[in-house]
There are 2 protein chains.
Amino acid sequence: MPASIPASGPTPAASRFTVELLAVGDELLYGDIVNNNAAWLGRQLAEIGVRVPTSVVVGDDTSAIAGAVKAALDRADAVVLTGGLGPTQDDLTREGLAAAAGVALRRDEFLADQLRRRFRALRRDVPERNYGQADLPEGAQPLPNDRGTAPGVRLEIRSGVAYALPGVPHEMEEMFRASVLPDLLRRAGEPAIVVHRVIRTAGMWESAVAEAMAPEVERLAREGGNPTVAFLASGGQTRLRISAHAASRGDAARLIAPVEEFARGALGSAVYGFDDDSLEGVVVTQLTRAGATVAVGESLTGGLLAARLTDVPGSSEAFRGGVVAYSSDAKERLLGVPRDGLAQFGAVSAESAADMAVGARESLGATYGLSLTGVAGPDEQEGKPVGTVFAGLSAPEGVTTRALRLPGDRPRVRTYAVVAALDLLRRYLAPG
Amino acid sequence: MPASIPASGPTPAASRFTVELLAVGDELLYGDIVNNNAAWLGRQLAEIGVRVPTSVVVGDDTSAIAGAVKAALDRADAVVLTGGLGPTQDDLTREGLAAAAGVALRRDEFLADQLRRRFRALRRDVPERNYGQADLPEGAQPLPNDRGTAPGVRLEIRSGVAYALPGVPHEMEEMFRASVLPDLLRRAGEPAIVVHRVIRTAGMWESAVAEAMAPEVERLAREGGNPTVAFLASGGQTRLRISAHAASRGDAARLIAPVEEFARGALGSAVYGFDDDSLEGVVVTQLTRAGATVAVGESLTGGLLAARLTDVPGSSEAFRGGVVAYSSDAKERLLGVPRDGLAQFGAVSAESAADMAVGARESLGATYGLSLTGVAGPDEQEGKPVGTVFAGLSAPEGVTTRALRLPGDRPRVRTYAVVAALDLLRRYLAPG
């Protein structure tokens, strides 16, 4: 990839050592389950600066597995397989590995004995088909499985190596950490450390964030692309990830610092947090620090704003409660929104948002009242198009409202509206 | 695979036509996001009996994309790409397709004009880099994107065809249904039909559902494993999927009917719906049919119950509104829960759940009041362990409460609690 391009994970210079991922199972191909194992393994490998050029899924088919293993080892130094080690007849990873290496399967009596002991502990006999888990390709080493019955397999094929791990996530993760990672690090030599710094923004579109960062991204490109910058947009927010590779954490930090400084300057108040911060978490912290509380009144988001704030453990100190006023009647009864106002301006209006914010604040005795009203769709309302949203903030100093025009369908409009309301309060509470 | 094991996807008999999936993005390789698109596409292709031998992920690299497209079309009749169509410099799918076909990229003025109009509607100018989304490989056809700015791409390469879809799920799904599926069906000819029937249950654990279905699953196994039965548990609900392959829809329906009948008998009132039904959708329909309304009062779920009901388009007829009473004070002020009750029994109690349900019903003038109180964690509360939950239902005939002990962490406890409350109302409103 051209160095000016946002990169995820390690940069090419980080390490020459490459690992390919190969997940086995029809249930993955046909979407009965999602390939979370590949995502987890990718994160682990990125951490140690190992490159993952490709990730593949094949079905429960011996020749497909064998072919994919051979292709992977033509391209990469190692391949990590997940799945297909169970006791049933559609668990064919051992057979696929043996075929890829051109060797036979042999019963490992030590593993067979382990199986007997494990089942005896459960006061059960070993079902005949489970003995297949004691078969290994000739020349392979078993990888202990402390969390299940299926041992893993390590097999050197020509100059490469294949590791086969169970598909069950907690078994796979333990086996990867205990048996695969150390072996990979030994084979890879000392990889460069890769340090990531995530800068989180709200209230700014991805394209605008990219525009603002363009000069710095281009500077980094000219100077060799270390660190790299990635833009990750989701749920109405944009994350910026700065990834530096270096010999030490200190060196990485020195590479990241100027890019972070540029980003803080270029993105200004859109920056709400770093690394694992969440927008709702930041708002709850702001409120708690100030000894303040918030109450919410929402219509189109139907409870999502309150749910988001209460996602934060310990939010009960800062969150007084909320009202989901889906009907004008509810707006009147619980938020004291005057009927004439609703009649004059409509439920979807800045005036209504202001009244709802004031009502939430007063009816729940909170320091701040936060409100959302608008059109989530699928149909327009009061002649206002889908995506028309008004957010209101009632503070001791007075009331603020913000008019928004949000893209997308019903779920997206609702999500973006929640982010906009949280961001309205976040910016109001921000120092300076 | 033994027939007694839930089978995934089409059976070998289904079709010779094969489609390979190719997801593009470093963020997938390094686990910033999970490849949910491949799972969704796999399900769609299984539906129509198309085989998916392989699913691949490559990074943001033109030659890697080009190589993967060529390899895919060596193995399969078609390749469906997802991701890499965005406006940023690391969106290289268009370039990769052009390289795979050995053609150049050309600016499509019609697409450029569409971009201008779409941005004008959002009252924004087109950022310069977004114009890249109007470039197409020579000989390619654009696929309309009704939900975003990035058009898809259809490109015939030799005897195969490549479809490039956006990575944003709701854009990708719409484009697949509207533009890719019809074209695939045309090219595949009439594949053997695979018909799925999904039976949805609530209030019954997966193991209990599997237990109840065991005799029928064993019968199917003995008789050749068509249809097959799969159990899919998620979000506190269990789905049962019956999959039959046959020459016609009628034949498939005849295969499915007796299995569905067995399931209805074995699972009884736990069955709330079929296929694409949702629990909240069923409840809203029950209420609307009865000309009744519901109001909610919730604490530990902090708005999720209301949000779930308002997920349903058109729920405003049946949903009066809700109160998120996170503080005892809010329970008193907005739900009129008597302070002495809270003091005597605690906020986490059947009594409190009953008071909240009554309060929600009365304060919002609804036919039914539904409530949730409990301990979501991370810490215990009032000496009650995490997962202790009480649901309350206030009806014209009186008040019902249900005590629950839910497993898992904070998000799971909150999700399961919402399902339990919806199911309480659903069973109350169910005929008979």
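Any value given below was found using the heavy atoms of this structure, including those in side chains, with hydrogens, waters and symmetry copies removed. Lettering follows sequence order; numbering is per chain, from 1.
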Using the salt bridge (charged side-chain N to carboxylate O under 4.0 Å, His left out) rule, take B/Glu173 and B/Arg147 through it: C-alpha gap first, then chi angles, then the decisive distance, then the call.
CA-CA 10 Å; B/Glu173 293 167 11; B/Arg147 300 183 173 183; 5.5 Å; no

At a heavy-atom separation under 4.5 Å, does [X] approach chain B through its side chain, its backbone, both, or neither?
| X | value |
| --- | --- |
| A/Arg320 | both |
| A/Pro53 | backbone |
| A/Arg308 | neither |
| A/Asp91 | neither |
| A/Ala210 | both |
| A/Glu206 | side chain |
| A/Arg43 | both |

Qualifying residue for side chain to side chain contact (heavy atoms under 4.5 Å, CB included) with B/Leu92, from B/Thr62, B/Val24, B/Asp61
B/Thr62

Between [options], who has the most heavy-atom pairs with chain B when the cutoff is under 4.5 Å?
| options | answer |
| --- | --- |
| A/Gly387, A/Ala295, A/Ser327, A/Ala330 | A/Ser327 |
| A/Thr54, A/Leu22, A/Val296, A/Leu21 | A/Thr54 |
| A/Ser207, A/Gly59, A/Gly321, A/Ser363 | A/Ser363 |

From A/Leu300 atom CG to A/Leu305 atom CG, the distance as rounded to the nearest 0.5 Å:
10.0 Å

Here the pair of heavy atoms bringing A/Leu372 nearest to A/Met356 is O-CE, 3.5 Å

Heavy-atom nearest pair, A/Phe231 first then A/Met213, reads CZ-CB, 3.8 Å

Check B/Asp311 with A/Arg414, please: is the shortest side-chain N to carboxylate O separation under 4.0 Å?
yes

